[in-house]
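Presented below is the structure to which this report refers.
Quick note on labels: first sequence line is chain A, next is B, and so on, each numbered from 1. Please read all numbers here as calculations on a predicted model, not as lab measurements.
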2 protein chains.
Amino acid sequence: MLNENVHKKDMRSMEKKLTINDIARMAGVSRQTISRVLNNKPEVNEATRKQVLRIIEKHEFQPSLQARSMVTRKTNMIAVLLPDISNSFFAEIVRGIERTLRANKLHVFLMTSEEEIALENSFIQLAQNYNVDGMILCSPRLDEANLRKLIPRVSPVVLLNRDLDADGAACVVVDSLYGGYTATKYLIEKGHSKIGIILGPSRAYSNIQRLDGYKKALVEFGIPVEDDLIMHVEVDNKGVHKLTEQLVKKKVTAITAYNDLAAAYVIQACTDLNLKVPDDISVIGFDGSVISQFMNPALTTMSLPLFEMGQTIANTLVRMIKGDQPFERLTTIYPILKERNSTKSLS
Amino acid sequence: MLNENVHKKDMRSMEKKLTINDIARMAGVSRQTISRVLNNKPEVNEATRKQVLRIIEKHEFQPSLQARSMVTRKTNMIAVLLPDISNSFFAEIVRGIERTLRANKLHVFLMTSEEEIALENSFIQLAQNYNVDGMILCSPRLDEANLRKLIPRVSPVVLLNRDLDADGAACVVVDSLYGGYTATKYLIEKGHSKIGIILGPSRAYSNIQRLDGYKKALVEFGIPVEDDLIMHVEVDNKGVHKLTEQLVKKKVTAITAYNDLAAAYVIQACTDLNLKVPDDISVIGFDGSVISQFMNPALTTMSLPLFEMGQTIANTLVRMIKGDQPFERLTTIYPILKERNSTKSLS
DNA sequence: TTGTATGCGTTATCAA
DNA sequence: TTGATAACGCATACAA
């Protein structure tokens with residue numbers, strides 16, 4: 001049913017957008033006065049202001065933000081770079097970011113990198129070229145040297161889940177060590193000692209931390225760390241199924257997953273292997289996204305205040321942009337254990 | 001642990017961004033030549049081009065896209081307005097949109113309206129003021145008159161789930177009538193006749209369609225339409241629990257929900273009422289988002305190719321922008337019945 | 001092949 | 001309280 005529609009900005013729809021000059025002519029004043037009215041400057045006669053406003057409204061005149069930002073050097077745009085917007089972890093954070101930025105008359109320029117390092121690099125460049133007022137950056141892949149080089153170009157920057165002490169940068173970080181530790185300790189206290197862990201891409205900071213927390217808990221309770229119970233997903237969640245099978249073969253009684261979605265795949269794999277969760281095996285997730293509460297059994301998870309994290313990130317950036325307010329260089333978010341039905345005491 | 005960090009763009013970090021003029025001076029040519037090199041114009045001597053490129057790379061010069069777009073009238077930005085990015089329905093669509101736009105060197109200016117009509121209005125204005133090259137619009141709330149008035153300002157526009165025949169607009173629409181019809185028919189053929197339906201906000205086009213499909217199926221099979229089995233959620237999914245209770249009181253044997261998340265709440269409510277899904281009651285969802293496959297029982301749902309929809313939307317917009325390619329004024333997406341374990345024959 | 005002049009739509013500066 | 005002039009950084013048209 002393809003028709004011959006072709007979009008043309010033809011003469012009819014041209015009605016060449018009005019400029020400040022047009023309004024000035026109509027009002028019989030200089031364009032400077034229009035500018036003053038638009039910017040609510042005090043030094044303009046009330047009568048003329050009324051008159052100008054009338055004409056502006058009558059013609060629904062809207063100033064070009066591009067032209068304005070050419071001279072003010074501000075775009076009111078914030079670049080938000082993250083790996084994947086369809087991951088509910090990020091989507092919920094972005095919701096918090098967007099609302100807070102909006103409240104500060106800032107807007108979101110969204111960039112998703114799909115974890116490709118080349119894209120992350122070029123997007124930061126792009127943000128610079130668009131002259132954004134600041135950037136929110138979740139870049140698990142980019143190495144520190146590159147990061148340090150790129151940050152000054154788009155600063156201020158708020159980094160999500162990277163702890164980097166650099167000028168013009170602040171960090172909001174989940175304490176994954178604490179999270180990994182708490183989850184593991186919880187399982188140990190439930191009587192488990194053969195505990196598998198499935199981690200995301202190994203280079204990511206949060207994964208290293210999570211693993212450290214896992215080990216810390218084991219060591220604390222005198223349980224030996226077995227390297228073959230530590231699994232890394234390298235690409236995406238499809239690998240989780242296979243890793244779960246391997247862990248089951250090794251007779252684990254519990255599995256810690258690096259996020260809720262991965263935990264869902266773990267449970268699915270267990271079901272395929274005719275294992276009941278939590279009766280035969282306990283599973284704990286990480287992040288507390290919506291899916292965790294609808295899974296059956298409902299997922300025990302280390303829950304994160306994602307929306308609030310987004311707000312915190314945006315608020316920090318706003319303070320940095322304003323430039324006269326103190327801000328946290330490093331904000332640490334602690335996940336909270338939400339005990340539901342996917343875990344059970346080993347009795 | 002608040003420290004005294006205050007971000008200042010101080011002298012050190014100033015290193016005033018290079019302009020085309022700086023490069024011109026360094027290269028000993030006019031800024032025109034630089035511009036030609038940047039835009040890959042043929043009419044430039046190979047030697048000077050090499051020379052200029054060397055200097056550009058040496059200083060990592062990047063042209064200001066703002067200044068450029070002042071004269072070209074193109075920003076390469078596409079405004080994407082939708083109600084809620086944390087809704088996986090939209091998030092997955094945006095993923096498709098973003099990838100396709102990126103392939104066309106277009107970028108996403110994200111606006112979320114939280115279904116507030118005032119915000120939708122002002123965001124469209126904003127998109128105009130930023131002079132975006134086009135807009136993708138999912139605005140369930142805005143009435144047709146307003147839409148018609150605003151579209152010319154940001155055209156071309158692709159509308160999601162609105163069928164509006166307007167100049168400069170194309171539409172990508174889910175056939176919710178077909179979806180509602182198919183879901184209901186499926187349940188009827190499973191032996192159900194007392195079927196409840198839970199709809200989203202009633203004014204939304206897709207809900208009206210879905211209801212029509214529901215009725216069509218009932219009528220086709222000679223089953224009377226009972227108005228008190230038709231429920232509307234007016235605000236958010238919290239209402240679903242209550243509506244489910246009401247339907248259960250009316251002895252329905254099956255419930256159709258307007259999306260998967262709502263279906264999840266339905267199942268949760270059923271569980272709270274000590275009803276087993278699907279043994280005591282069948283539940284069917286809509287959209288086939290990730291949560292549907294991890295629910296237990298896995299959700300039977302009318303599945304939508306969300307990522308591909310995003311791609312279609314973006315592709316349509318790109319064709320409109322290019323202006324010399326035909327495009328579909330109306331693309332209809334048909335949901336596909338994905339039978340899983342939340343529905344059962346009434347025996 | 002290259003350079004000069006002009007303009008895009010605003011705000012900033014300074015003078016009236 | 002207002003207006004004239006000069007930026008902002010680039011691309012376009014035209015001349016050399």
Output the rounded distance in Å from CZ (B/R25) to P (D/dC10). 12 Å

Are A/S35 and A/I20 close enough that some pair of their side-chain heavy atoms sits under 4.5 Å apart? yes

Over how many whole Å does the gap from A/N131 atom CG to D/dG9 atom C1' extend? 11 Å

Residue pair B/R68 / B/N39, side-chain heavy-atom distance below 4.5 Å: yes

Side-chain N or O of A/T33 closer than 4.0 Å to phosphate OP1/OP2 of D/dG3: yes

Presence of salt bridge, A/R329 and A/D163, under 4.0 angstrom: yes

Using rotation axes that map the C1' atoms of four end pairs onto the next four (five pairs an end), what angle separates the end axes of the helix from C/dT1-D/dA16 to C/dA16-D/dT1, to 10°? 40°

Polar side-chain atom of B/R162 near backbone of B/L142 as donor-acceptor pair, under 3.5 Å: yes

Below 4.0 angstrom, N of the basic side chain to O of the carboxylate: do B/R49 and B/E46 qualify? yes

Distance, rounded to the nearest Å, where B/E43 contributes CD and D/dC14 contributes C1': 12 Å

Looking across every strand, which nucleic acid part, if any, lies under 4.0 Å from B/S69 by heavy atom: base, sugar-phosphate, or nothing? nothing

B/F61 side chain reached by B/I55 side chain, heavy atoms, under 4.5 Å: no

Once base and sugar-phosphate atoms are separated, protein heavy atoms under 4.0 Å mark nucleotides 9-16 of chain C, 5' to 3', with B, S and - as BBBB----

To the nearest angstrom, the OH-P distance between A/Y130 and D/dC8 comes to 22 Å

To the nearest 0.5 Å, how far apart are OG1 in B/T75 and CG in B/D133? 4.0 Å

B/R95 with B/E92: basic N within carboxylate O range, under 4.0 Å: yes

